[in-house]
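Below is one structure, written out as structure tokens, with a few remarks after it.
Reminder, nothing fancy here: chain letters follow the sequence lines and each chain counts from 1. Computed from heavy atoms alone, side chains included, the values below leave out hydrogens, waters and symmetry copies.
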Amino acid sequence: DGGITQSPKYLFRKEGQNVTLSCEQNLNHDAMYWYRQDPGQGLRLIYYSQIVNDFQKGDIAEGYSVSREKKESFPLTVTSAQKNPTAFYLCASSMGGKTGTYEQYFGPGTRLTVT
Amino acid sequence: AQSVTQPDIHITVSEGASLELRCNYSYGATPYLFWYVQSPGQGLQLLLKYFSGDTLVQGIKGFEAEFKRSQSSFNLRKPSVHWSDAAEYFCAVLYSSASKIIFGSGTRLSIRP
């Protein structure tokens, strides 16, 4: 089955530690995205990548980093510089490369709790 | 600035009743429009999309939406809701000049037995 996988579903970390969230897709999509969702709020874009070895900052990139070494994978690292990292993180992908005019498909999400 | 507005934060309807969720977007050329649904603790699922052509689009789970350019709206409708429709619904817009989708803040739908 084609789809997007995120692991783990729940993640707990101590304050001051970096943590990496995994996102893998087997849809052969060019573009991948990371969003953050807080209770009662919509989705806020952290980073996106339209093609391998290239990525751009979204609206709330501070305290986060990404890499795109393979088409299938787009891991997100939440660094200790992120002031309020506890949130639900969603990964998405779409066919659109440079044109970007396609719908996005989402993974099941990772809930990160930092104490 | 490009934006999407979902004016209703929370709506409650009775099971079997009709539903309309509102979505307005800021004016812009050639918008591509989407509705997504999210169950608690889950990812988002695409319900339907509008790119061009017929302004009334059909989606999954019995949902439909109508694009009205004159009103900058893309409202989601369902003639008869089921208890399983209780979820959060997000409207989203992609402008042809941009490379990222803008999401509304969501409408939470509750179903009254």
State the OG-CG distance between A/Ser94 and B/Leu94, to the nearest 0.5 angstrom. 8.5 Å
Within a reach of under 6.0 Å around NZ of A/Lys14, are more than 12 heavy atoms found that belong to other residues, nucleotides or ligands? no
Could you state whether B/Ile101 and A/Tyr89 fall into the same hydrophobic cluster, counting links through intermediate Ile, Leu, Val, Met, Phe, Trp or Tyr residues with side-chain heavy atoms under 4.5 angstrom apart? no
Considering residues, nucleotides and ligands other than B/Ile60, do more than 12 of their heavy atoms fall under 6.0 Å from its CD1? yes
B/Phe74 reachable from B/Tyr89 in the ILVMFWY side-chain graph, under 4.5 Å edges: yes
Tightest non-hydrogen contact, residues A/Phe88 and B/Gln42, listed as CE2-O, 3.5 Å
Distance, nearest 0.5 Å, that separates CG of A/Leu43 from CG of B/Leu44: 5.5 Å
Exceeds 12 heavy-atom contacts within 6.0 angstrom, atom CD of A/Glu15: no
For the student: nearest non-hydrogen atoms of A/Gln104 and B/Tyr36, plus distance: O-OH, 2.7 Å
Test side chain to side chain contact (heavy atoms under 4.5 Å, CB included) applied to A/Leu90 and B/Gln38, step by step: CA-CA 11 Å; A/Leu90 287 160; B/Gln38 184 183 34; 4.0 Å; yes
Top contributor to chain B contacts, counting heavy-atom pairs under 4.5 Å, from A/Arg111, A/Arg44, A/Gln6, A/Gln37: A/Gln37
